[in-house]
Amino acid sequence: MNRIPGGLRTDQQPPMAIPLGHFVLGLAFLVVGIGAELATAVTTLPGIASLAHVHVLLVGWIAITIMGAMTQFVPVWSGVSLHSRRLAVVQLALVATGLVGFGAALLAGALSALPVAGAALLVGIWTFVYNVGRTLWRARPLDFTERHFAVALGAFALVVPLGFLLAVDFTTRVFDATALTRGDVLLVHATLALFGAITATVVGALAQLVTMFTQADRTPIDERLLGLEQLTFPTGVVLFAAGRGLESLPIARVGAVAVLVGLAAFTVVVARQLLGATVDRSPMIDRYWVVVASLWAWLALTAPAWWLAPLEYGTLFGHPDGGAVSVVGVFAFVVVGSLYHIVPFIIWHERYSDRLGFEQVPMIDDLYDDCLERADFGLTAVGFLGIAAAPLFDLPEAVATAGTALAALGLCLFVANVLLTVHLHGPNGLAGVLTGVRESTGGAGTGGDPEHDIDPAPER
C-alpha cells in the first residue's frame with residue numbers, strides 16, 4: 001500500500017493519464033482565454049464574445065481542472081477506488097467538445113446550435129457528478145473535505161440543467177410560462193456555479209492542501225472555526241441562490257451573510273496555518289498567501305454590496321468592481337498553486353516512487369523549473385494588483401491594460417512550466433498523456449480495470 005503524508009492512500013488513484021489529460025486540456029483552454037482577453041484589448045470580437053470568454057475560463061480551465069483534481073484525489077483522500085475510469089474519460093471528452101461547440105456558436109452567432117453544445121456539457125458534467133459521487137458514496141462517513149466536495153457536486157448537478165435552459169432560451173422562450181424570468185435563472189445559475197461548485201471545491205481542497213504544505217497542526221480554535229464554516233457556508237449558498245431566484249431580499253440577505261461568515265471563518269484558519277508553517281518557501285504557500293489576502297479584500301468589499309443589493313446582477317461576484325479579486329486573486333491563484341504540486345506529484349509517483357531507495361531520484365519540487373515558477377508568480381501577482389486596483393481606485397485604463405498583459409505573461413509562463421514538466425518527466429511526454437487517456441479505459445467493465453471494476457470501500 002502506498003501512502004503520502006496525512007495517511008492518504010495513493011494505491012487507489014486512477015491511471016496518471018486521466019487527471020493529467022484534464023489538466024493539460026484545462027491549460028489549453030486557459031491559453032485560449034488569455035488570447036481572447038488580449039484580443040479584446042485591441043479589437044472587437046464577433047458574436048457574444050464576453051459570454052464565450054467567461055465560459056472558456058470558468059468551465060474550460062477552472063471546472064475541467066476541478067474535474068481532474070476530484071477524479072485524482074477523491075480516491076486518494078477517501079481511500080476508495082474510482083467508480084469508473086471509462087466514465088472519467090467520457091466526461092472529459094463530452095465537456096471539452098460541448099464547450100468548444102458552445103464557444104464557437106456564441107462567436108459565430110449560431111444561437112440555434114447552443115442547445116446541442118449545451119446538451120454535451122450537461123451530459124459530460126452529470127457524468128462527472130455521477131462518477132465521483134458514486135466514489136464518495138463508498139467513503140462514508142465523510143470528512144470536512146469530502147462534505148464540501150459533495151456540496152460542490154450537488155451544485156454542479158444543478159448548474160448545468162439551468163445553463164442548458166438558458167442556452168435553449170436564446171431561441172425558444174422557455175421561461176415565459178413560469179414565474180421565473182431569464183434574469184432570475186441566470187442569477188441562480190451563476191451563484192451556484194461560483195459559490196456552490198467552484199468555491200466549495202476550493203474550501204474543501206484547501207482544508208487538506210494547506211495542512212499538507214505547511215505541516216502546521218490545527219488548534220481547537222481552528223476546529224471551531226471550521227465547524228462554524230460548515231454550519232454557515234453550505235446553507236448560505238443554498239439560501240443565497242434561492243433568494244436570488246425568488247427575488248426575495250430577506251432570504252438572499254440571510255444567505256449572503258451566511259456565505260460571508262463561513263468564508264471569513266475559513267480564511268482565518270488558512271491564515272493561521274500559513275503563519276504556523278514549519279516548512280520553507282514553496283509555490284503553494286506563496287500563492288495561498290495571495291488567496292488569503294484576496295479573500296479578505298473580497299469580504300470587505302462584498303459585505304456592504306450584498307447587504308444593500310444582493311439581488312442585483314452587478315453584485316454577482318460581490319462588489320461591482322471587485323470581480324477580479326475573486327476570479328483572479330482566489331480562483332486562479334488556488335488553481336495555479338495547487339497544480340504546482342499536483343502535476344509533479346502525479347508524475348513523480350508514477351515514474352520515480354518505485355525507484356526511491358534504489359537509485360537517486362528527483363524530489364517532487366525538482367520536476368518543475370524554479371526560475372520560471374518565481375517569474376510567473378511575480379508577474380501574475382503584479383499584474384493582478386493592476387487589474388484589481390484600476391477599477392476600485394479609478395486609475396487610468398493603462399494600469400488595467402498593463403496589469404492584464406503582465407498577468408497574461410505570468411500565466412503563460414506557468415502553462416509552459418507545467419507542460420515542460422509533463423514533457424520532460426511524464427512517460428512519453430505530452431503525447432504519452434493523450435495516448436494514455438485512451439488506453440486507460442481498456443479492460444473489463446465500465447471501470448476499465450481488468451482485475452476489478454468497482455471495489456468495495458476499504459476500512460477508513
Side-chain angles (χ1 to χ4, degrees), residues 26-27 29-45 49-58 60-62 65 194 198-199 202 263 267 271 274 281 283-305 314-340 371-418:
L27 293 176
F29 280 116
L30 171 60
V31 172
V32 172
I34 291 172
E37 181 69 25
L38 295 176
T40 56
V42 296
T43 187
T44 300
L45 297 178
S50 60
L51 187 59
H53 187 216
V54 167
H55 282 80
V56 164
L57 290 177
L58 292 184
W61 181 34
I62 303 294
T65 299
L194 291 170
I198 298 177
T199 305
V202 166
L263 290 178
T267 306
L274 290 173
R281 180 260 174 199
M284 291 70 71
I285 290 178
D286 285 352
R287 286 161 179 82
Y288 291 167
W289 269 121
V290 175
V291 172
V292 167
S294 298
L295 272 172
W296 279 121
W298 179 83
L299 288 165
L301 291 168
T302 299
T315 63
L316 176 61
F317 289 93
H319 189 280
D321 294 327
V325 177
S326 58
V327 175
V328 181
V330 179
F331 298 159
F333 274 90
V334 165
V335 171
V336 171
S338 301
L339 285 183
Y340 259 123
C371 292
L372 281 179
E373 178 272 316
R374 290 176 182 270
D376 89 56
F377 174 67
L379 289 168
T380 307
V382 173
F384 162 61
L385 287 176
I387 295 170
L392 289 173
F393 300 103
D394 198 24
L395 299 178
E397 183 66 25
V399 174
T401 301
T404 299
L406 289 174
L409 178 57
L411 288 172
C412 286
L413 289 180
F414 155 69
V415 172
N417 207 1
V418 172

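For the numbers below, each heavy atom of this structure counts, side chains included, while hydrogens, waters and symmetry mates do not. Only a predicted model underlies this, so the values are computations on that prediction, with no experimental measurement involved.
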Sub-4.5 Å side-chain heavy-atom contact between [X] and [Y]:
X    : Y    : value
F384 : F333 : yes
L263 : T199 : yes
L406 : T380 : no
L57  : I62  : no
I198 : L58  : yes

Taking every non-hydrogen atom, the tightest pair across [X] and [Y]:
X    : Y    : value
A271 : V292 : CB-CG1, 3.9 Å
V336 : R287 : CG1-NE, 3.4 Å
P320 : A305 : CD-CB, 4.5 Å
G337 : M284 : O-CG, 3.1 Å
V325 : A297 : CG1-CB, 4.3 Å
C412 : I34  : SG-CD1, 4.1 Å

Report summary line: By side chain to side chain donor-acceptor pair (under 3.5 Å), W61 pairs with (sequence neighbours left out) none
Report summary line: Residue set satisfying side chain to side chain donor-acceptor pair (under 3.5 Å) with D286, at least two apart, ordered chain then number -> R281
Looking at [Y], is its backbone amide N or carbonyl O close enough to the side chain of [X] to form a donor-acceptor pair, meaning the two atoms are under 3.5 Å apart?
X    : Y    : value
S326 : G323 : yes
H53  : G33  : yes
H319 : T315 : no
T43  : A39  : no

Query raised in the report: Only one of T65, V32, V418 forms a side-chain contact (heavy atoms from CB on, under 4.5 Å) with L27, so which one is it?
Result: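 Per the side-chain contact (heavy atoms from CB on, under 4.5 Å) rule, the option paired with L27 is V418, out of T65, V32, V418.
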Quick one: pull up [atom1] in [X] and [atom2] in [Y] and give me the separation to the nearest 0.5 Å.
X    : Y    : atom1 : atom2 : answer
T267 : L295 : OG1   : CG    : 4.0 Å
T404 : I387 : OG1   : CD1   : 4.0 Å
D376 : L413 : CG    : CG    : 6.0 Å

Query - Test item: side-chain donor near acceptor, S294 and W298, under 3.5 Å - result: no
Requested in this report: Determine which pairs satisfy ring pair (Phe, Tyr, Trp, His ring centres under 6.0 Å) with at least one residue from residues 390-415, sequence neighbours left out, and list them in order.
Outcome: Y340-F414
